[in-house]
Structure formats: structure tokens, C-alpha cells
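Note on naming: letters A, B, ... go to the chains in the order of the sequence lines (proteins, then strands), and numbering restarts at 1 for each one.
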There are 2 protein chains.
Amino acid sequence: MLKYQHIADALEKYIEEHELQQGDKLPVLQDLMNQFGVSKSTVTKALELLETKGVIFQVRGSGIFVRRHKRKGYISLLSTKGFKKILEDFQITSKVIELDIRKPTTEAALNLNVGLDEDVYYVKRIRYIHGQSLCLEESYFNKSVITYLNNEIINESIFHYITEGLGLNVGFTDMFLHVDKLTEEEADYLGLEKGDPKLYVESIFHLTNGQPFDFSKVTYNYVQSQFFVQAVL
Amino acid sequence: MLKYQHIADALEKYIEEHELQQGDKLPVLQDLMNQFGVSKSTVTKALELLETKGVIFQVRGSGIFVRRHKRKGYISLLSTKGFKKILEDFQITSKVIELDIRKPTTEAALNLNVGLDEDVYYVKRIRYIHGQSLCLEESYFNKSVITYLNNEIINESIFHYITEGLGLNVGFTDMFLHVDKLTEEEADYLGLEKGDPKLYVESIFHLTNGQPFDFSKVTYNYVQSQFFVQAVL
DNA sequence: CAGTGGTCTAGACCACCAA
DNA sequence: TGGTGGTCTAGACCACTGT
């Protein structure tokens, strides 16, 4: 375990367990250096991590403070975990509609950076949160990277399988969002009315080496779609 | 100018001007150290900044590569500039509907962390992009921080005034998003139909010292609402 | 002015990738 | 195996905050 990662985890856990609130002061740099027995740079790196993540903010000449918003039930769009939190912290179930190997659409081929004649896994499923429809998801997986998939894997967490089962390292994601009206087909799947609002998200997931492996098109039930983003300017 | 900031700017500019594409390789660390005459840590810090911002990705043992998505017309939800880009890169105009000093709603008081009897500036305006309605915006400004506002300021960039005119430093933002249906009033303002989709965003802006100064509720025209987010996992 | 965080250095050592 | 990025250190010096 990296030292700065350990320190960041420890601090975050401390904040959580002691239920510290927005503006509460954390120990000064020197104390953290002593407490963890590391250099200033290492503590600083841990704090930068937490700052980017939206857990703390630092004020020069003053101190290190807790940053915590008050709202419950919102899903973070980013912050290391990102959508993984949906999988873990909430009760999510899935219903697989389709799973097969096929040739990609031109759109999928473009986004996955593969040829039109190369094989991809195609997955279509509905996901439920607390028994309510959360989203309709269509995913294309680059078969030269994700070499095998089956129904059992898809019903669990695909990303857990990718990292643990296949030993791949997920690096970064590009997400494109817009708001639109549900088509009749989408409305049927989600149990809503045609013309109701939807949040539509296209995501391209890349390995740490930059290779795209997952192109997903997700239509969210607007009733369940509450997100938050914490930005540092 | 900070060295690492200068290096980051220079690299980003280089990528832009030479129209480098996703996956293109940048000079190795050692070369950047020599080229800018700085230590390894400083280059690393610049690169971390660009990585977080979604401009590059680094692969250990391999090199530094350009990260660039292909889609135009999407507005970044984050990345230093965030919504500022809307103000600068696109042609935005505003129509002010209301501007006055009043007592905050309980909701605004809570989010701005002020008492119910303290004054706030209230601003309601419609914003247009290329002549099309972009959003309906209601903002509450903590008057003890934003001591003065007038119509002229509001018609230009409020944030430019806050940073340049008042000399304040904007630190971070919490944003809460969800999708819903337009009310009749909102639809009128945006030139849409009641029941049409909307993207609704509540934002709380804080100074670098953690003090909240702006609570805004923004209803976006769904036709204009195309956003992207770049996450590093 | 004392205390606190921010920047930067020079260098050691480690982990990973590609040839 | 050589090259590349990642972690960590000890310490100098700077910039900001609050008293």
C-alpha cells in the first residue's frame, strides 16, 4: 500500500467515523507528518488527493478543513469511485435482455477504436435500484480485451470481473451527457411514458494504457437521476 | 507565475496548436526537465495537473500521451474552467428579470450559511446561447461577501467581477443535478412546452477559505444541454 | 510576527513496459 | 535490460492568515 494512499484513506475514514462537518479543522501538516512518520511531501500528496476528491479544502496560513455536503441520496459523477458506488452502496439488480458476440456498429467501432469486422460483446440490460428501474444500458466490449463474458458475470459487477477476474487496470473515462425525451421502446423498458424526460449518457472506458474497451449508452430513469459533482476551481 | 502552472499551460497550448490527437506521445520526463530547466517533481506536478484535467494520461514504463475526445459542442462540467467556458468560448447573452436585495429563503439561508434576517442579493435572469435560450437562473449572493451588484455587472460576467473587481478568490463548488419536467412558468421563460425535459442544477460556490457566497438554481433548456465529464479512476 | 500551507530542489529507489 | 514514470525524503524558501 502506498503511503500517501494509506494516509488519505485513514483521514477519510477518520472524518467519516467522527462525523466531522463542513469547516471542522484537521491536524496541521507537522502533526500529520509526525503521526504517520512520513515527509511533508507525502502528507501533501495525500491531502491533494483528498482535495481533488472533494473531501477537504486547504487554506494557506490557516489550516486544513473538512468539506462535506449535506445532501443524501445523490450519486457522485466522479471522485475515484464514480459509478462504482452505484454498484456497491445501493441495492442494484439487473435483468439481462441480450448478450451476444457481434460486429460493432460504426458508432461503436469508432468509439472503441476497432475495425468493423472485429468481434465485440454486446450487452443490453435494465438495472433496478430498490426495485425501481434505474436505467437501460447498452454496452459494447472490445473482445480482444474482454475475452470472455457470460450471463452470470453480467448479473454481478462487470467492473469487478474486469479488474479482479481479468486483472485489467481501468484508467479513465470520457462521459457525454444530455437530456432528452424517452422513445416508446425506452419508456416501456423503464416503466415510464413516451416523451418523459431522460438523462442519456455515453461513456467510453479506457485501460491505464489508453486503450478503450467499453462503449456504453445508458438511458436513466429521470426519477432516480440525482447526481452531484464537486469541482475545485 | 508558478513554474508548474507555466509548464502545464505551455504543454496544453502545444497540444492545441499542433492539433495532437488521442494517443500521440509527448516528450519524456527527462526532456521536459531539461527543456524547462526545472526539477523532476515540478514537471511531475504539472503533468498531474494535466492528467486530472483530462488533457493527458501517463503510462509507467511507456510515456506521456495526449488524451483528447472527438466531440464538439459539449460543455465541460469541471476541469478548472468548468462553467466559465460557457461565458467565454460561446456567445452568451443575458436578460435580467429581477435584481434586488432581500431576505433569503430558508433554503438559500441554509446553503449560504447565513441567518434568515441577513441581506442577500437576488438575481433572476435568462441566458441565451447563439440567440437560443440556454437556461433560467436564480441566484442568491451573500451580501456580506458580494457587497455590491448592479445590472451592468450582471449582464457581463458576474464571476469576472467577483475575482477582478472585488478581488475575491473562488475556491470550490458543490453541484447537485437532476432531471425533471418543466413547470409552465419555466417553459414560458425558455420558450418550450410544459412537461418538456429539463436539467436542473443547484450550485453552491465557496471562496478559497470555505465561505459560501453564491447559491444558484439553474434550469437548462434540454436541447442545449450537452455536457461532458472526464474522470480518472 | 509566529504559524500554516505551497513551491521547488536534488537525489535515492521502486515498478512497469517494450524490445 | 534499458528506459520510463511513480514514490518518497530532507530541507530550503516563499506566501498567506490571524493575532
Result for side-chain contact (heavy atoms from CB on, under 4.5 Å) between F215(B) and one of V120(B), V114(B), L112(B) points to L112(B)
Atom CD of Q30(A) and atom P of dG11(D): how far apart are they, to the nearest Å?
-> 12 Å
Whole Å only: how far is the CG atom of L29(B) from the P atom of dG11(C)?
-> 16 Å
Between Y220(A) and F227(A), is the ring centre distance below 6.0 Å?
-> yes
Taking DNA chain D as the partner, which of residues 58-65 of chain A come within under 4.0 angstrom of it by heavy atom?
-> R60(A), G61(A)
Can R67(B) be said to sit on top of F57(B)'s aromatic six-ring, NZ or CZ under 6.0 Å from centre and within 45° of the ring axis?
-> no
Quick one: L26(A) CG to dG5(C) P, roughly how many Å, whole number?
-> 10 Å
Does the distance from a Lys or Arg side-chain N to an Asp or Glu carboxylate O, for E118(B) and K103(B), drop under 4.0 Å?
-> no
Are Y121(A) and F213(A) near enough that their ring centres are under 6.0 Å apart?
-> no
Look only at the side chain of R68(A) and the backbone of L20(A), and say whether a donor-acceptor pair between them is shorter than 3.5 Å.
-> yes
Starting at atom NZ of K45(B), determine the distance to atom C1' of dG6(C), rounded to an integer number of angstrom.
-> 7 Å
Any cation-pi pair here, R71(B) with F228(B), using under 6.0 Å and within 45°?
-> no
Just to confirm, is there a sub-4.0 Å distance from OP1 or OP2 of dC8(C) to any side-chain nitrogen or oxygen of Y4(B)?
-> no
Is the shortest side-chain N/O distance from K3(A) to OP1 or OP2 of dT9(D) below 4.0 Å?
-> yes
Tell whether K40(B) reaches the base of dG6(D) with its side chain through a donor-acceptor pair below 3.5 angstrom.
-> yes
Proximity of F176(B) and Y200(B) rings by center, below 6.0 Å | no
Can you tell me the distance, in whole Å, between the CG atom of L49(B) and the C1' atom of dG6(C)?
-> 14 Å
Does T42(B) put a side-chain nitrogen or oxygen below 4.0 Å from OP1 or OP2 of dT9(C)?
-> yes
Taking for each residue the nucleotide of DNA chain C bearing the nearest heavy atom, is the 5' side occupied by V43(B) or by N209(A)?
-> V43(B)
Calculate the interatomic distance between E48(A) atom CD and dT7(C) atom P; express it in whole Å.
-> 7 Å
Pair K45(A) + E48(B): basic N to acidic O under 4.0 Å | yes
How about F141(A) and Y122(A): are their ring centres within less than 6.0 Å of each other?
-> no
Whole-Å distance, H6(A) NE2 to dT7(D) P, equals 16 Å
Is there a residue in residues 161-173 of chain A whose heavy atoms reach under 4.0 Å of DNA chain D, and which residues are they?
-> none
Looking only at side-chain atoms of V28(B), point me to the closest of dG5(D), dG11(D), dC8(D).
-> dG5(D)
Nearest-Å distance, CZ (F36(B)) to P (dT7(C))?
-> 18 Å
Upstream residue (5' side of DNA chain C) when E51(A) and S41(B) are each assigned their closest nucleotide = E51(A)
